[in-house]
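First the structure, in the form of structure tokens, and then the observations on it.
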Amino acid sequence: MVRKLKYHEQKLLRRLELVSWEAAAGSLAEVKALRRYRVGRREDYVQYKALARTVRALTRRLRDLGPASAAFRARCAFALLEKLYGLGLVNSRQSLAVCENLSATAFCRRRLPCLLVKLRMAQDLRHAVTFVEQGHIRVGPEVVTDPALLVPRNVEDFITWVDASRLRQKVLDYNQERDDFDLAA
């Protein structure tokens with residue numbers, strides 16, 4: 001148990017932005033997810049939880065619509081399922097039942113480092129986060145240095161090494177695919 005701060009101690013610490021123990025601890029599941037998916041900022045995970053909660057609430061509202069609005073419900077359900085499938089958060093477009101179980105970990109699985117591990121460009125998440133932060137990875141034509149990037153399904157195929165990356169050169173040397181033109185440059 002921590003003692004209560006004295007008046008002069010409170011006055012000294014008034015201007016500092018200290019994270020309180022209750023806010024930092026969160027739930028045990030949240031801490032496990034932060035550690036498992038190597039989420040560096042807790043605010044990102046809180047935002048993922050809020051988005052998942054919003055999708056679940058929207059799903060419940062669509063499910064509870066009456067039979068008079070069946071056409072509207074079908075159109076909105078189709079749009080929601082297409083959006084979530086395109087983002088890679090759900091695996092099928094069949095029914096809204098998959099949307100009711102959406103969680104924040106689905107967002108964490110679509111982060112760039114997790115996809116690097118899935119594509120076998122990195123051994124584990126720690127190395128994948130390091131590669132992204134150091135600028136070895138590009139998505140399409142742009143170099144990405146933020147590991148919190150959520151990658152949709154249609155962009156997943158365009159994840160590759162930066163042309164000037166030493167890691168790319170090592171991979172090409174190992175696979176004996178390095179071009180003679182690259183050796184001269």
Side-chain angles (χ1 to χ4, degrees), residues 17 19-129 131-133 137-161:
E17 291 291 329
V19 178
S20 64
W21 175 258
E22 294 84 15
S27 66
L28 186 59
E30 181 177 329
V31 173
K32 284 183 179 180
L34 289 174
R35 193 174 299 143
R36 178 178 180 190
Y37 293 107
R38 292 273 182 182
V39 179
R41 295 179 30 205
R42 183 177 174 270
E43 294 84 22
D44 291 338
Y45 190 75
V46 170
Q47 190 175 18
Y48 299 154
K49 284 194 325 189
L51 287 170
R53 189 172 36 248
T54 304
V55 168
R56 288 192 306 264
L58 184 61
T59 304
R60 280 193 303 274
R61 282 187 177 179
L62 285 174
R63 184 191 61 204
D64 293 341
L65 285 176
S69 58
F72 174 74
R73 178 176 49 194
R75 198 171 54 243
C76 290
F78 177 75
L80 179 64
L81 285 169
E82 279 296 316
K83 178 67 92 173
L84 294 178
Y85 183 79
L87 289 173
L89 299 176
V90 294
N91 291 329
S92 67
R93 300 178 230 190
Q94 300 302 324
S95 70
L96 285 177
V98 293
C99 297
E100 291 178 352
N101 299 327
L102 188 70
S103 65
T105 56
F107 287 94
C108 292
R109 285 191 295 268
R110 293 306 298 179
R111 288 168 52 103
L112 183 58
C114 292
L115 291 178
L116 290 178
V117 173
K118 180 181 165 188
L119 294 172
R120 298 186 181 196
M121 292 176 72
Q123 292 177 358
D124 55 8
L125 277 175
R126 182 174 58 93
H127 288 109
V129 170
F131 293 161
V132 171
E133 288 174 345
I137 304 296
R138 68 182 166 110
V139 177
E142 297 184 21
V143 177
V144 178
T145 58
D146 183 20
L149 177 72
L150 294 177
V151 180
R153 281 188 200 269
N154 59 354
V155 181
E156 186 176 341
D157 296 333
F158 300 107
I159 299 173
T160 185
W161 299 105

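Note that this is a predicted model, so its numbers are computed, not measured. Numbers here are sequence positions counted from 1.
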Taking C-beta and beyond as the side chain, do [X] and [Y] meet within less than 4.5 Å on heavy atoms?
X    : Y    : answer
R38  : D124 : no
V98  : N91  : no
V144 : I137 : no
L115 : E156 : yes
R36  : T105 : no
R109 : K118 : no

* Under the salt bridge (Lys or Arg N to Asp or Glu O under 4.0 Å) rule, what pairs show up with a residue in residues 80-103, not counting sequence neighbours? ->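 Listed once each, the pairs are R63-E100, E82-R93.
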* To do: May I have all residue pairs that pass salt bridge (Lys or Arg N to Asp or Glu O under 4.0 Å) and include part of residues 141-153, sequence neighbours excluded?
  =>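 Sorted pair list comes back empty.
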Indicate the atoms forming the closest heavy-atom contact of [X] with [Y], along with that distance.
X    : Y    : value
R138 : W161 : NE-O, 3.2 Å
A52  : F107 : N-CE1, 3.9 Å
G86  : P152 : O-CB, 3.5 Å
V117 : A128 : CG2-CB, 4.1 Å
R111 : Y37  : NE-O, 4.4 Å
A148 : Y48  : O-OH, 3.6 Å

To the closest 0.5 Å, what do you measure between [atom1] ([X]) and [atom2] ([Y])?
X   : Y    : atom1 : atom2 : value
L89 : L51  : CG    : CG    : 9.0 Å
L96 : N101 : CG    : CG    : 11.5 Å
R60 : C99  : CZ    : SG    : 12.0 Å
L34 : C108 : CG    : SG    : 7.5 Å

* To do: Determine the interplanar angle of the H127 and F131 rings, folded into 0 to 90°, and report it as parallel if under 30°, tilted if 30 to 60°, perpendicular if over 60°.
  =>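 Answer is tilted, since the angle falls between 30° and 60°.
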* Scan residues 138-160 for pairs that pass ring-ring contact (aromatic ring centres under 6.0 Å, His included), counting only residues two or more places apart or in two chains. =>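 Applying ring-ring contact (aromatic ring centres under 6.0 Å, His included) to every pair that reaches into residues 138-160, excluding sequence neighbours, yields nothing.
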Which pairs would a plain distance check flag for residues 66-79, meaning a side-chain donor or acceptor within less than 3.5 Å of a matching protein atom at least two apart in sequence or in another chain?
{"from": "S69", "atom 1": "OG", "to": "G66", "atom 2": "O", "distance (Å)": "3.3"}
{"from": "R73", "atom 1": "NH1", "to": "L65", "atom 2": "O", "distance (Å)": "3.1"}

* Counting distance only, does the side-chain N/O of R110 pair as donor-acceptor with the main-chain N or O of L87 below 3.5 Å? ->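 Indeed, once roles are kept as given, a pair shorter than 3.5 Å links the two residues.
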* **Residues that Y85 engages under ring pair (Phe, Tyr, Trp, His ring centres under 6.0 Å), provided they are two or more places apart** =>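 Residues passing ring pair (Phe, Tyr, Trp, His ring centres under 6.0 Å) with Y85: none at all.
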* Asked: Considering residues, nucleotides and ligands other than E43, do more than 12 of their heavy atoms fall under 6.0 Å from its CD?
  ->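 Yes, CD of E43 has more than 12 neighbouring heavy atoms, counting only those of other groups under 6.0 Å.
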* To do: For R56, check salt bridge (charged side-chain N to carboxylate O under 4.0 Å, His left out) against everything at least two apart and list the hits.
  =>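 R56: no salt bridge (charged side-chain N to carboxylate O under 4.0 Å, His left out) contacts found.
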